[in-house]
Asker: 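Dropping the structure in here first, questions after.
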Amino acid sequence: RTTDYGSTWHPLFDKESTGSIGAIAVAPSNPKTIYVGTGAGIIRPDLATGDGFYKSTDEGKTWTKTGLTDSKMIAMIDVDPRDENRLFVAVLGHPYGPNAERGIFRSLDGGKTFQKVLYKDEYTSGNDVRIDPNNPNVVYASMWQQQQAFWEGGGFGSGGNGVFKSTDGGNKFRPVYLPAAVGAGGTAATAAAIQKIVVSPKYPTDSFVAGMEAIKDWKDIFGSPPMTFSSTKHQGSSESFLCVVKGNRWVPVSKTPIGY
């Protein structure tokens with residue numbers, strides 16, 4: 001933690017059983033409450049697994065492990081800006097094999113208990129989850145089927161990928177369909193791997209979705225009119241495309257790769 005704009009830093013988690021951190025979230029309504037998801041935040045050949053979900057209520061002085069002990073890797077935590085006890089967690093799961101504790105989880109009691117609210121199968125990771133700051137009942141999530149092999153470059157991924165949206169606080173999620181023009185075949189089930197979502201606080205239900213290769217100019221994105229943008233990656237390539245949501249479908253703005 002730093003209190004002087006990054007000039008000096010003080011460790012907060014050194015006494016815990018793992019040093020691998022994938023996600024950190026400070027509750028906007030109470031900065032003394034901090035949540036930590038352990039394990040590397042991305043499945044790749046070089047990684048370190050964790051041992052669950054932690055919470056601090058004293059600005060990181062002490063920590064309590066509250067659950068998700070078989071998650072191994074947690075990619076994202078998003079806390080309701082109005083309620084410090086309501087949060088969503090994107091769980092990657094075991095990087096080298098199947099397990100059930102993966103996908104998108106919700107807690108309504110500050111991490112004491114978790115409910116699995118979006119799950120595809122034992123190989124599909126919850127990559128990201130975001131609460132719309134303008135309307136906390138709107139939640140976006142991305143799923144990606146992925147695994148690593150024990151040798152370099154031996155990973156795999158297939159169906160079950162895509163962006164999903166809930167308008168009832170995370171009780172039910174529906175797919176946001178991606179166009180065939182960005183390698184998605186028109187369905188979320190065969191969508192290209194999407195890794196990160198950002199929901200703009202400036203415009204209602206406005207999100208920017210980044211694929212494996214991120215768009216660099218965030219200022220231009222958030223200075224745009226209220227639209228939803230997506231950058232996705234074709235399987236096995238480094239192409240990235242910008243899209244805008246119209247209704248429930250993604251419409252490609254350009255067929256030309258961008259961001260490189």
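Keep in mind that this is a model prediction, so the values were computed, not measured.
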Asker: Of D121, V163, T124, which is the lone residue that meets side-chain contact (heavy atoms from CB on, under 4.5 Å) with M143?
Answerer: T124
Asker: Donor-acceptor pair, N137 side chain versus D168 backbone, under 3.5 Å?
Answerer: no
Asker: Taking 4.0 angstrom as the limit, do K32 and D58 come out as a salt bridge?
Answerer: no
Asker: Spell out, yes or no, whether L118 and F105 are grouped together once hydrophobic residues are joined by side-chain heavy atoms under 4.5 Å, including indirect joins.
Answerer: no
Asker: Donor-acceptor pairs under 3.5 Å, side chain of residues 72-82 to any protein atom, not counting sequence neighbours: which ones?
Answerer:
{"unit_1": "D78", "atom_1": "OD2", "unit_2": "I131", "atom_2": "N", "d": "2.6"}
{"unit_1": "D80", "atom_1": "OD1", "unit_2": "R82", "atom_2": "N", "d": "2.8"}
{"unit_1": "D80", "atom_1": "OD2", "unit_2": "R86", "atom_2": "NH1", "d": "2.9"}

Asker: May I have the step-by-step check of side-chain contact (heavy atoms from CB on, under 4.5 Å) for I24 and I34, ending in yes or no?
Answerer: CA-CA 7 Å; I24 302 174; I34 307 172; 4.0 Å; yes
Asker: So do the side chains of R174 and K165 get within less than 4.5 Å of each other, counting heavy atoms only?
Answerer: yes
Asker: Please check this pair: side chain of K55 against backbone of G110, looking for a donor-acceptor N/O pair closer than 3.5 Å.
Answerer: yes
Asker: How would you list, by chain and number, every residue that makes a side-chain hydrogen bond (donor to acceptor under 3.5 Å, both in side chains) with R44, sequence neighbours excluded?
Answerer: D46
Asker: If you take all heavy atoms of K112 and D109, which pair is closest and at what distance?
Answerer: N-OD1, 3.1 Å
Asker: Check whether any side-chain heavy atom of Q146 sits under 4.5 Å from a side-chain heavy atom of N127, and report yes or no.
Answerer: yes
Asker: Could you see if I21 belongs to whatever hydrophobic cluster contains W63? Use Ile, Leu, Val, Met, Phe, Trp, Tyr and a side-chain cutoff under 4.5 Å.
Answerer: yes
Asker: Is it true that the side chains of D51 and Y54 contain a donor and an acceptor less than 3.5 Å apart?
Answerer: yes
Asker: Work out which heavy atom in R102 is nearest to a heavy atom in Y119; give both atom names and the distance.
Answerer: O-CD1, 3.2 Å
Asker: Which pair of heavy atoms, one from T2 and one from W9, lies closest together, and at what distance?
Answerer: CG2-CH2, 3.5 Å
Asker: Between G67 and F114, what is the shortest heavy-atom contact and its length?
Answerer: CA-CE1, 4.4 Å
Asker: Measure centre to centre between the rings of Y35 and F53, then say whether the value is under 6.0 Å.
Answerer: yes
Asker: Between E84 and T33, does any side-chain donor sit less than 3.5 Å from a side-chain acceptor?
Answerer: yes
Asker: Tell me if a side-chain donor or acceptor on R1 pairs with a main-chain N or O of G60 at a distance below 3.5 Å.
Answerer: no
